[in-house]
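Below is the structure I would like to discuss, written out as structure tokens.
To find a chain, count down the sequence lines: A is the first, B the second, and so on, and within it residues start at 1.
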Amino acid sequence: MTYSVFSLLKNAVTGHKNWAPAWRDPAPKPAYDVIIVGGGGHGLATAYYLAKVHGITNVAVLEKSWLGSGNIGRNTTIIRSNYLFPGNNPFYEWSMKLWEGLEQDFNFNAMVSQRGVLNLYHSDAQRDAYARRGNAMHMHGVDAELLDEQGVRDMYPFFNFDDARFPIRGGLLQRRGGTVRHDAVAWGYARGADSRGVDVIQNCEVTGIRIEKGVVKGVETNRGYIACNKLGLAAAGNSSEVAKMAGLKLPIESHVLQAFVSEAIKPFIDGVVTYGAGHFYVSQSDKGGLVFGGDIDGYNSYARRGNLPTVEHVIEAGVSMIPAISRVRVLRSWGGIMDMSMDGSPIIDKTDVKGLYLNAGWCYGGFKATPASGWCFAHTIAKDEAHKLSAAYRLDRFKRGFAIDEKGMGAQPNLH
Amino acid sequence: MTSFRLPTGGLVDRNTTLRFQFDAKSFTGHAGDSLASALLANGVSLMGRSFKYHRPRGAVTGGSAEPNALVELRTGARREPNTRATMVELFEGLEAKSQNRWPSLEFDVGAINQLASPLLVAGFYYKTFMWPKAFWEKIYEPLIRRAAGLGSAVHAPDPDSYEKIYGHCDLLVIGGGAAGLMAALTAGRAGARVMIADEHARLGGALLGENETINGKPSIQWVQEALAELASMKEVTILPRTTVFGWFDGNIYGALERVNDHVATPPEYEPRQRYWRIAAKAAILATGAEERPLVFGNNDRPGVMQASAMRGLANRYGVAAGKSVVVFTNNHSGYATARDLTAAGVNVAALIDSRANAPKLNAGKVPVLKGAVVSDVEGSRNVKSVRVVNADGGVEEIACDAVAMSGGFSPVVHLSCHRGLKPVWNEKLAAFLPPDTGKELVAAGAAAGNMTLAAALADGAEKAAKLLTALGFKPKTAKPPQADGEPYAVSPLWSVQSQHKAFVDFQNDVTAKDLPLAAREGYKDVELAKRYTTLGMATDQGKLSNVNGIALLAGATGKSIAQVGTTTFRPNYTPVSFGAFAGPFTGHHFNPVRKTPMHAWAEEQGAVFVEAGLWYRPQWFPRAGEKGWLESVTREVLAARNSVGVCDVSTLGKIDIQGPDAGEFLNRVYCNGWSTLEVGKARYGLMLREDGVVFDDGTTSRLGPDHFFMTTTTANAARVLTHLEFCHQALWPELDVQYVSVTEQWGQMAIAGPKARATLQKLVDGITLNDETFPYMAARPVQIMGGIPARLFRISFSGEHAYELSVPADYADAVIRAVMHAGAEFNITPYGTEALSVMRIEKGHVAGGELNGNTTAADLGLGRMMSTKKDYIGRMMATREGMTRADREVFVGIRPIGQGQKLSAGAHILNVGDKVSLEADQGYITAVAYSPMLESWIGLALVQRGNKRHGEKVRVFDGLRGQHYDAELCDPVHFDPENRRLHV
Amino acid sequence: MRIHCPYCGERPAEEFTFQGDADVRRPQGNEPSQMDEWFDYVYLRENPRGRMKEYWHHSGGCRSWLIVERDTDSHEVFGVTAARERKLSPQRKRAS
Amino acid sequence: MSDQAQLRRIHTLGKHYVPGRYGKPVATPGIRISMVHPVSIVSIITRAGKTKLLDAAMLSKFGAELPHPGGTMQGRAVTFYWCGAEQYFAVATGMAEGALYDALRQAAGDLASFSDQSHARMMLKVEGPAARKLLAKGTPVDLHPNIFPEDGSAVTQMAHVGVHLAADGPNGFVLSVFRGFGESFWEWLTSQAAEFGYEVR
């Protein structure tokens, strides 16, 4: 049943009793062509594109908890493609293109809102760095504008221009950037995959990976053994623990990133803004809550919750950027588990084990990459070769010395 | 509903009159009133509009769980949206406005949403607004955003100040009710350091609203005696108006003290709010229990309140919620409301007890209907009557103007679940109890399921005594105070067959039908149902709605409540202002300011300052008549190049390194060698990260056989010291080396130019400066100005004949003035970071722009510095294929082609004729400057195989700033390539 | 989160800076044949969900580097020793 | 050092340091703040294996051994504050430029590494009934009299600035920060002292 104002009206008449479930709740079959581990955004998108683009539908997505319970269900919903390096920029721009057509593609209103992403800068050095990034975007046909202080003041006159410790000198603006209702992305992809025959199986935790003579055979789960020809790992927040089941040690440390929402208020700030002199970024959801965050806590964690020093650090930056939010109240804080990689860029690649594919290392930038990650991981699995757009995201890039280090912070995950 | 002030009773001070305004209408109330009680005292029950359907709403609670009565408190820059009228202490001149309505609270256009409510069920927006695509940003979303949100925040800076403070105690007691006071008394009497916090202005908790007796006296009197005893104990800190909002690792609690929210404006010198971070050895969770609403038709009308809130209105505020009340309860506590209201002279038309087998309980002369339910309230802006379905199915209408409902009590478990544990369902109490949180945090009283006063008092004392004993105290276990009061029993009633909409989450308008709809569409897990219906996602975070919602979801999915479980409890228990978390560290105080010892002198010279990390550094020194910074900077460069210039370089990191293994230590952290450096000489050093990329650079001088003086870049000073500490303590603890920051012991100034030596000669005692006595890279202690101990380094970043004079910081101000005096005859000119940058670009020295965290030593043309004779940080990883490949972007000079053509940093380089694309990218410009010496713009860049392409013409792409131009790659040393000026 | 610094006593986490896994040993020698060993040291991490040894720096206090044994799921801290006091354990085996 | 005689050492606060009564006008100020300047400060870091010899040298030369971690030792005209693993501050007033540094090197030149820090830090005394509550607005160190000893010496942070903090009498503390942060730290400290009423001496 397609979703539209007409199906909504038709069902309103009958008290909404006849809506079909958005996805089935199937028991696992004994075997599949492809098994995806992880029913988050990337796993579900991969299954969706395997079915839609590659016609591979004998697929199962195994989620250990409820679908979308990972980072897709707990992020600050920002989408953008303002990346610097050739290994990143085209990939994230393709993701933006997919976002722009996604709702019509999987017939689910994920509220893709392109209200602009503005990165503030506070020094000549930062201006030059954003100029370098903006020019790289232009060279790939991606929209970018370099605003001076007046340009920022015109957009957000209530920012702190007069009493700032690090005065706002301008910003890099990507108008096509914005936000998306994160849960709806998981639900849209799940519904789209399920409607094409993919089994989305919740409460099914992978406990072991069976490999014989270097070839993947299947997975042990809490609901029995399931065989497969190809196995795609997309378990962000648990990548190392799952990869260990296949004897893989990854260039990743898992960290907690806290995010916050304020009480819902009338329209206060229109687009997404990131602070350049401290760790803070903010946007206002369609329900009116200021959704904001800043930096990871900095220590390894799987606890999906953080501590007060980071809360203070983020909010000191927030109030210094926007003095007017001082009296607004912080309603709720939460935490997600970030796979921080050794260069701040992800991994979409084959592995030494035949038929085993890895999608991991998204740091805190995984949400915006969801469509392109699904597209490229589906291609990698279907064709057993890297997609052109994700060719740089090789697992062995660190050993060969081809890090994609946008921040230039080196081999320490919590600095990216 | 016509609520009114009772002639007598309540804890308000009836001799005081406080004037206040609500939606520009004036009223009066008493000291001790909340805004909500004062409004109700004046017959105002309509206080807000719900989020989606804009239904008329009144106060439903008496405390911080309030979902409906939210107002914009105060005006102008102090306006606070979404403030709970039930928690606002009335003060003279208070102004409040209702929210989320247009044009007014009484006539809100938004209410038409109720007509469309059949369409606007849970999750409707996921199924529509998708066509036509462009409409989303242009029409649909702007409409949704304008309708969303409740109160509106002001766009002006906050005039009030906020404070942060650390607290330490043996026992933190969270909640000042019966159990909390007993816990604090037990601990205080045992001599422990106690902090007791309560969110209300007066401690006493539920006792403030109840009519109970302790030791034969009214409970309020017992509360006063307990508080007096606690106040007399030196080691006890009482924190009223303070919410413990979060429990964090290390048994650390976040608490917000509303120091001055109960007055119009904070008194001078005092903060509005104080944010506590309390480190407690142990804590008692004495947060009581929250009364659950019942789910029946129109249960959201103004006048329908929690039964405990309605009796609290009478007992605490002397206000009657209505003239004729119906009590609807599924547990014993409803009877107390019937008794208290009757005693206050309010007519209680009936008590509806849904339990057919309910025991005989004292309802006074109020008629009790057992096994009956209220199916619907009739009336829109207020209650007119209730439709009652009796045990035998018969229906009757009972006129009334207020309904007191009680669906049982949910212990306030929140804090105990902030660190990953889940609450435990208790079938008998029909409630979730706190999980076992060990010795750090122990629930007591109603929060632990002890629902009677006597049990709460005993439990508070006992739980505190157990914790104190574990901490080594010897608490006396006195007999707990004696209290009567009814036992407690409940039998769950999760929803009632109704004709009208029955609400589960009042603020987000989630109705009883939305849960089965979510389950039907596959959103079966409690977290999926919450997100799909927005149950519990409003400003009250499900305090009233979550358990009812979970029970309805259980019914819809055929699971037990325990199986459905709860969603995640998260800080903050109640919302906390941004300002409190930020404290004083906002605006200009966001970060500390670091000034050099010559800052005052630079100000006198008219310097324009720029941020350099936490430091401020002079950027240039404009003079009257100069038309912009370029003119000032050009003058400064020419003065230094042609005569002499002085520049404050105190912000460089300076690290004293001593000990027998100091030399070996340098060898292991720098990629170049140090054993051959003689005493009295300096050497340029390059430091790598372990991944082989360049980390930092600077000169290090040898002042003695085992005494080195290292300088680092300003930006990396702290990171380099931390790196040295790691390398020594974690990698090579066997080395006998000591190092400490001396950055701030020395004020340091560069004196550069042909007249530098002549200038310095006037100040230096006992040496005739020349190439023998002070050759290039000399570094030695000297004495200046008749006695000041200093250090002189002949090092040059500008490429000029230059020195860096370093003096103990307290003398720096006097010394730079002496230097200026000595150089006056040579027209000595102060120069700032911009001129320094021009000169270093002219000389092709690398700096921050080139040390971008991805460049190797070879990329920067410094490959030959990498020793092959010793191990050092980064050596191995620097040999990887990708780090040494031929097509890496390397350091090169660049000059524009064409007269007057400028260069722009951040522009990219393309081969002439190549189509613009990322694949064709050859590199980028890292730094640019106008060179007065070459009378042209010059720049430095990182370009593929740049060192082999000197003289090649390239295309510069700066699309971001709408410019494309031709340029030529060249030797990065633009000026005086033979360095003749260094040695003149 | 509170860490008991061996020198300063108990201090809250904001006085410390986390670096990473402390159960790694810098290889001796720079032979090309040792690239795998170096790659394991610089880039690969166990990243356990549970107890691990971590490098923390008491940057807001006595500036000592500490080895903190902590659980990455519960954040419970089990023990703290000064890095300089560590008897360097024998070379850890690379993952099989 | 004749010329230097008229060249007084200028402390980092310069004209910002103005004695007087400030903040809430209460009868007796809750806080008294004074500047310790000029002052001689030398950092001492023991060399490997030289702890005992260094203690002996310090005892003989200055009448006090070096303190245990978190402690302070009073010597003849010099105070030793613990400030890190095998690391101390030697502090004295009334000594000529570089004199304390020279005396220490002369007494124990190869037993420890010494660095003159006399100009590197701004040192303040903070006393009064509200001193502990004021400092609790900055440091997480528990300064309760039963916890922070009479000879307590701690390295901590306050208002994003590194601080060395030591007990100084029953209700007093001596603090020092990097001089560059002097003015900024002073602004924070005095703003937080305002509600108690404070006197600058």
Side-chain angles (χ1 to χ4, degrees), chain A residues 235 237-244 246-256 295-313 316 335 337-343 347 352 360-361 395-403 405 409-416, chain C residues 1-3 10-24 26-27 32-61 65-78 80 92-96:
Chain A
N238 213 22
S239 298
S240 294
E241 292 289 322
V242 173
K244 257 178 220 157
L248 287 174
K249 189 174 169 186
L250 302 181
I252 278 172
E253 279 187 344
S254 297
H255 282 260
V256 55
D295 200 4
I296 54 177
D297 269 31
Y299 45 82
N300 280 33
S301 172
Y302 283 85
R304 286 188 178 173
R305 60 182 175 81
N307 279 294
L308 283 174
T310 307
V311 178
E312 295 172 47
H313 176 74
E316 282 169 16
I337 307 170
M338 305 299 124
D339 284 354
M340 298 305 288
S341 72
M342 280 289 180
D343 61 0
I347 298 155
D352 296 341
L395 180 55
D396 67 355
R397 64 175 184 270
F398 301 103
K399 185 173 216 174
R400 294 170 36 249
F402 289 87
D405 190 345
M409 297 306 284
Q412 186 170 326
N414 66 352
L415 296 180
H416 292 293
Chain C
M1 190 144 62
R2 285 191 274 173
I3 293 175
E10 198 144 77
R11 294 290 176 84
E14 56 258 39
E15 279 204 355
F16 300 84
T17 312
F18 177 91
Q19 188 198 55
D21 190 332
D23 221 359
V24 291
R26 185 168 191 271
S33 62
Q34 293 178 276
M35 182 51 90
D36 279 353
E37 208 184 323
W38 274 97
F39 173 58
D40 187 84
Y41 167 66
V42 176
Y43 283 108
L44 297 184
R45 292 293 180 270
E46 290 294 334
N47 191 28
R49 183 190 204 113
R51 279 172 90 134
M52 73 180 275
K53 287 201 176 78
E54 299 163 338
Y55 280 131
W56 290 75
H57 182 228
H58 196 184
S59 39
W65 277 93
L66 307 172
I67 313 284
V68 176
E69 187 158 5
R70 194 181 61 95
D71 184 307
T72 60
D73 228 356
S74 67
H75 291 176
E76 187 183 355
V77 174
F78 299 101
V80 185
R92 251 176 32 67
K93 207 159 47 39
R94 213 164 62 73
S96 57

Exercise for the section: Measure across C:Val24 and C:Tyr55 and return the closest heavy-atom pair with its distance rounded to 0.1 Å. Expected result: O-OH, 4.4 Å

Exercise for the section: To the nearest 0.5 angstrom, please state how far the CG atom of C:Asn47 sits from the CG atom of A:Asn300. Expected result: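 The distance works out to 5.5 Å.
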
Problem - Side chain / backbone / both / neither for A:Gln412 at chain C, heavy atoms under 4.5 Å - result: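 Contact with chain C involves the side chain of A:Gln412 alone.
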
Practice task
Measure distances from C:Asp71 to the heavy atoms of chain A and classify the residue's part below 4.5 Å as side chain, backbone, both or neither.
Solution key: neither

Practice task
Could you check whether the rings of C:His57 and C:Trp65 sit parallel, tilted or perpendicular, using 30° and 60° as the cut-offs?
Solution key: parallel

Problem - Lys/Arg-Asp/Glu bridge criterion (N-O < 4.0 Å) met for C:Arg49, A:Glu241 - result: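 Salt bridge flag = no for A:Glu241 with C:Arg49.
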
Handout entry: Plane angle bin for C:Tyr41 and C:Trp38 - parallel if under 30°, tilted between 30 and 60°, otherwise perpendicular
Key = perpendicular

Handout entry: Largest heavy-atom contact set with chain C, pairs under 4.5 Å, which of A:Gly410, A:Ser254, A:Ala243
Key =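 Max contact count across the listed options: A:Ser254.
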
Problem - C:Met1 CE to A:Tyr299 OH distance, which is reported to the nearest 0.5 Å - result: 4.0 Å

Fill in the blank from the handout: Bottom line for C:Pro12: the part with an atom under 4.5 Å from chain A's heavy atoms is neither

Handout entry: Largest heavy-atom contact set with chain C, pairs under 4.5 Å, which of A:Pro413, A:Ala411, A:Ser301, A:Ser341
Key = A:Ser301

Completion exercise
When rounded to the nearest 0.5 Å, the distance separating OG of C:Ser59 from CD of C:Gln19 is 11.5 Å

Exercise for the section: Heavy-atom distances under 4.5 Å only: say whether C:Trp56 touches chain A with side chain, backbone, both or neither. Expected result: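 Just its side chain gets close to chain A.
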
Handout entry: Per-residue contact mode, A:Arg305 against chain C (heavy atom under 4.5 angstrom)
Key =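 It is both, since atoms from each part get that close.
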
Practice task
Please state whether the side chain, the backbone, both or neither of A:Ile252 comes within less than 4.5 Å of a heavy atom of chain C.
Solution key: both

Fill in the blank from the handout: Honestly, the part of C:Thr17 sitting under 4.5 Å from a heavy atom of chain A is neither

